[in-house]
Amino acid sequence: MDLTSRLRSIVRPSGQPGAADDTPGRRELTYEPDTGRYEATIDVDRVANVLGGRVVANAFGRALVIDRRYESDRYHGQWRIGDCEVCDGDGLRLLDPALPSPDGIGERTLFIDLETTGLSGGAGMVAFLVGCGWFDMGAFQVRQFLLTSYSAERALLSAVADCLEPTSLLVSYNGKTFDVPVMETRWMFHRMPMPLESVRHFDMLHPARRLWRTRAAADDGEGGCRLSTLERLLCDVTRVGDVPGLEIPARYFRFLRSGDARPLEPVLEHNRIDLVSLAAVTAHAVRLVQEGIDRCRDAADALALGKVFEKAGSLERAMTCFERAADDQGAHVNVRGEAIYRLALRLRRDRRFDAAAVQWRRLLDMKQGRFGRRSALLGPLRQLAVEALAIHHEHRERDYEGARELTLRLLDERDGPDVRVRPERA
DNA sequence: AGTGGTAGCTCCGTGCCAGC
DNA sequence: GCTGGCACGGAGCTACCACT
């Protein structure tokens, strides 16, 4: 039996060799000389019909496009779609101070999310589904580009490039590390122009970590700040029957072998939800920095927002947030402790040494927590506070006896276990 | 599994200030 | 003017993490 026949026998239903097959979209298994792979010759029009898409033609061939529209009055969890629209303004630059200012007006913000054949990287990994989303008259328009065979990749990449044409700002989740490098590798592999080179890119992952890492870690159990965790936490979205990410490449390979597009429908839906959630989470973050402390639910929110403001150089707003978290008697000791610590640092940088000393003293006076348990974070912060206070007493107060007492206390506390300061998690 | 952005750490140079 | 100490910030390094 030759190789083609053997492969054909593998993809046929068991026990029915040579049986007629009416699987939608399915055709013969053929060798693709460009890629060196065996694939079913897939009827693209039929796949488009199964998935509710359409076929677009360009200079490189035919690409499959699936459009879906989420009207503005529809809800994604708690969030109305129309309220998820993000303006490309100061909010985004507070979240990512490195984001350049826009150099044009009235252009499009585009959300992007890929499904790929794996995570291993390199030229062998292919983006088989490119999901794009943008706001249009208050509604969220999603356009997905599906790769129906490896030989159709240039047509797909060209169609995606056309879609990106009017885009001035790209929004992704971990896209700086994953989505954009993958797409650039594919364009480069085919020696095609790279349309994202001049597009500003906002990666929501890093601001999300700054804002919600503590809360997501408490909720997730695995300590992650995944998009799926945030959509549940912030938007109250619960996915029913969602495809796990690990399963996605396998479903695509099955489609390539069989031509049956039906198992891909949940993958398309997964990708669409990712895009809508990305828009909602981004909108949530922008609202938080625009409206400031009043939008914070608790001390942990206020502390995280303070750090975002501080990084963005908005120091007055940062101080307000730290003060709010520091004054919250009901907050977790780690949250309060870190807020007071950051308040003291901020005051010292402003050369307001007396005010800083008040905060160092406040940190020392904090109770360690319920049941007398020592906090792993508060301990090191207190040591830093003792050290700063000792310096203050010696060099500015000229209170040498006070400085000596504090130094002895510091030496005494340092006899305990050496714990590194990592003022992050509550 | 591979990749790359980010936070936090240490080290070191620099500016500022006070004391002599 | 010199010296010493504090405080800050940049460079370089490491560890972590999210994507399918």
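Numbered from 1 within each chain, the chains take letters A, B, ... in sequence-line order. Computed from a predicted model, the values in this text were never measured in an experiment.
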**Study point:** A:Phe255 side chain reached by A:Val47 side chain, heavy atoms, under 4.5 Å
**Key:**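 They are in contact (side-chain heavy atoms under 4.5 Å apart), so the answer is yes.
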[X] has a side chain; which of [options] sits nearest to it?
| X | options | answer |
| --- | --- | --- |
| A:Lys176 | B:dG8, B:dA7, B:dG5 | B:dG5 |
| A:Arg213 | C:dT20, B:dA7, C:dA18 | B:dA7 |
| A:Thr177 | C:dT20, B:dG4, C:dC19 | B:dG4 |

Practice item. For B:dT6, take OP1 and OP2 only and decide whether either is under 4.0 Å from a side-chain N or O of A:Lys311. Key: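 No, because none of the side-chain N or O atoms of A:Lys311 sits under 4.0 Å from OP1 or OP2 of B:dT6.
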Could you tell me the separation between the [atom1] atom of [X] and the [atom2] atom of [N], rounded to a whole number of Å?
| X | N | atom1 | atom2 | value |
| --- | --- | --- | --- | --- |
| A:Ile273 | C:dT20 | CD1 | P | 13 Å |
| A:Leu268 | C:dT20 | CG | P | 14 Å |
| A:Met125 | C:dA18 | CE | C1' | 13 Å |
| A:Leu246 | C:dC19 | CG | P | 12 Å |

Exercise for review: Verify the distance criterion only: is there a donor paired with an acceptor across the side chains of A:Asp136 and A:Gln141 at less than 3.5 Å?
Suggested key: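 The criterion, which ignores hydrogens and geometry beyond distance, is not satisfied for A:Gln141 and A:Asp136.
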Practice item. Using the salt bridge (charged side-chain N to carboxylate O under 4.0 Å, His left out) rule, collect all pairs that involve residues 266-291 of chain A, keeping only residues at least two apart or in two chains. Key: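 As it turns out, the salt bridge (charged side-chain N to carboxylate O under 4.0 Å, His left out) pairs with a partner in residues 266-291 of chain A, which skip direct neighbours, are A:Arg239-A:Asp274, A:Glu265-A:Arg272, A:Glu269-A:Arg272, A:Glu291-A:Arg295.
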For nucleotides 18-20 of chain B, give me every protein contact, N/O to N/O, under 3.5 Å, one pair per line with atom names.
residue, atom, partner, partner atom, Å
B:dA18, O3', A:Arg398, NH2, 3.3
B:dG19, OP1, A:Arg398, NH2, 3.0

Review point. How are the rings of A:Phe111 and A:Phe135 set to each other: parallel, tilted or perpendicular (split at 30° and 60°)?
Key: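 The arrangement is perpendicular - the two ring planes meet at more than 60°.
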Review point. Which comes earlier along DNA chain B counting from the 5' end, the contact point of A:Phe178 or that of A:Asp96, where each point is its nearest nucleotide?
Key: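 Between the two, 5'-proximity favours A:Phe178.
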Interface polar pairs with nucleotides 8-12 of chain C, N/O, under 3.5 angstrom:
residue, atom, partner, partner atom, Å
C:dC8, OP1, A:Arg349, N, 2.8
C:dC8, OP2, A:Arg348, NE, 3.4
C:dC8, OP2, A:Arg348, NH2, 3.2

